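For this chain, numbers begin at 1 and follow the sequence in order. The structure presented is a predicted model; accordingly, all values stated were derived computationally and were not measured.
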Amino acid sequence: VQLQASGGGSVQAGGSLRLSCAASARTFSRYSMGWFRQAPGKEREFVASISRAIGSTTYADSVKGRFTISRDNAKNTVYLQMNSLKPEDTAVYYCAASDRGYLVVDTNYDYWGQGTQVTVSR
């Protein structure tokens, strides 16, 4: 599975961005998908996930109520709508695909995109 993330950019605090992650696999619907991020000098952290079956979602506490993950299986794409962005959201955002459970852990993901930079200024 090849993943291509896009949609990053620079915004002011309070602004919005929508990240997209296009997958090459025809079996996209069989994978649960996740978004992770890594800020400079910090470890990669879980942001959000959406399951393959019923599309149940999970969010990190730091983004709950501001970010929304969704997927369009017909387009083999997962999205991350980010609203009310804060400077602390600045990071490289990665999408990932998993055919396992416990989606908050990055080691349970088998395929990763190349990352897209999000920069939020004050």
**Student:** Checking Arg30 now: which residues fulfil side chain to side chain contact (heavy atoms under 4.5 Å, CB included) with it, not counting sequence neighbours?
**Tutor:**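 If we apply the side chain to side chain contact (heavy atoms under 4.5 Å, CB included) test to Arg30, skipping adjacent residues, the hits are Thr27.
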**Student:** Return the CG to OG distance between Leu80 and Ser49, rounded to the nearest 0.5 Å.
**Tutor:**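 It is 11.0 Å, given to the nearest 0.5 Å.
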**Student:** Taking all atoms of both residues into account, what is the closest heavy-atom pair of Val47 and Val63, and its distance?
**Tutor:**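 Closest pair (atom of Val47, atom of Val63, distance): O-CG2, 3.5 Å.
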**Student:** Count I, L, V, M, F, W, Y as connected when their side-chain heavy atoms are under 4.5 Å apart, and connections chain through other members. Are Tyr94 and Met33 then in the same cluster?
**Tutor:**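 No, Tyr94 does not connect to Met33 through the hydrophobic network.
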**Student:** Measuring only between side-chain heavy atoms, which start at C-beta, is Val120 closer than 4.5 Å to Glu88?
**Tutor:**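 They are not in contact (no side-chain heavy atoms under 4.5 Å apart), so the answer is no.
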**Student:** Return the CG to CZ distance between Leu85 and Arg66, rounded to the nearest 0.5 Å.
**Tutor:**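 That separation rounds to 6.5 Å.
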**Student:** Salt bridge (charged side-chain N to carboxylate O under 4.0 Å, His left out) with Asp106: which residues, sequence neighbours excluded?
**Tutor:**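 Scan of Asp106 (salt bridge (charged side-chain N to carboxylate O under 4.0 Å, His left out), adjacent residues dropped) gives Arg44.
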**Student:** Tell me, please, which residues at least two apart from Lys64 pass side-chain hydrogen bond (donor to acceptor under 3.5 Å, both in side chains).
**Tutor:**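 Testing Lys64 for side-chain hydrogen bond (donor to acceptor under 3.5 Å, both in side chains), a comparison that skips the adjacent residues, returns Asp61.
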**Student:** Taking side-chain contact (heavy atoms from CB on, under 4.5 Å) as the criterion, tell me which of Asn73, Asp72, Leu3, Val1 meets it with Phe28.
**Tutor:**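 For Phe28, the side-chain contact (heavy atoms from CB on, under 4.5 Å) check succeeds only for Asn73.
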**Student:** Among pairs that include at least one residue of residues 43-90, which meet ring pair (Phe, Tyr, Trp, His ring centres under 6.0 Å), considering only residues two or more places apart or in two chains?
**Tutor:**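 Every pair satisfying ring pair (Phe, Tyr, Trp, His ring centres under 6.0 Å) with a residue in residues 43-90: Phe36-Phe46.
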**Student:** Quick one: OG1 on Thr116 to CD on Gln114, what's the gap to the nearest 0.5 Å?
**Tutor:**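 Answer rounded to 0.5 Å: 7.0 Å.
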**Student:** Only counting residues at least two apart or in another chain, list the ones meeting side-chain hydrogen bond (donor to acceptor under 3.5 Å, both in side chains) with Ser16.
**Tutor:**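 Partners of Ser16 under the side-chain hydrogen bond (donor to acceptor under 3.5 Å, both in side chains) test: Asn83.
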**Student:** Under the side chain to side chain contact (heavy atoms under 4.5 Å, CB included) criterion, do Arg100 and Asp110 qualify, and how do the steps go?
**Tutor:** CA-CA 9 Å; Arg100 291 176 276 177; Asp110 304 292; 2.7 Å; yes
**Student:** When rounded to the nearest 0.5 angstrom, what distance separates CD in Gln117 from CD in Gln38?
**Tutor:**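 One gets 11.0 Å once the value is rounded to the nearest 0.5 Å.
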**Student:** Enter the distance from Tyr31:OH to Asp99:CG here, rounded to the nearest 0.5 Å.
**Tutor:**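 Answer for the OH-CG pair, Tyr31 versus Asp99, is 6.0 Å.
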**Student:** Check whether any side-chain heavy atom of Leu103 sits under 4.5 Å from a side-chain heavy atom of Asn108, and report yes or no.
**Tutor:**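 They are not in contact (no side-chain heavy atoms under 4.5 Å apart), so the answer is no.
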**Student:** With a 4.5 Å heavy-atom cut-off, do Val118 and Met82 have their side chains touching?
**Tutor:**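 Touching, per the 4.5 Å side-chain cut-off.
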**Student:** Just by distance, no angles: are the side chains of Ser98 and Ser32 close enough, under 3.5 Å, to form a donor-acceptor pair?
**Tutor:**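 No donor-acceptor contact under 3.5 Å links the two side chains.
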**Student:** Connecting only ILVMFWY residues whose side-chain heavy atoms lie within less than 4.5 Å of each other, what is the rest of Ile54's hydrophobic cluster?
**Tutor:**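 Besides Ile54, the hydrophobic cluster comprises nothing; the residue is isolated.
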**Student:** Arg37 vs Leu19, test: side chain to side chain contact (heavy atoms under 4.5 Å, CB included). Steps then yes/no.
**Tutor:** CA-CA 12 Å; Arg37 66 187 182 186; Leu19 305 183; over 6 Å; no
**Student:** Is there side-chain contact between Lys75 and Ser20, with heavy atoms separated by less than 4.5 Å?
**Tutor:**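 Counting from C-beta outward, Lys75 and Ser20 never come under 4.5 Å.
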**Student:** Can you tell me how far apart OG (Ser24) and OH (Tyr111) are? Round to the nearest 0.5 Å.
**Tutor:**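 Between Ser24 OG and Tyr111 OH, I get 9.5 Å after rounding to 0.5 Å.
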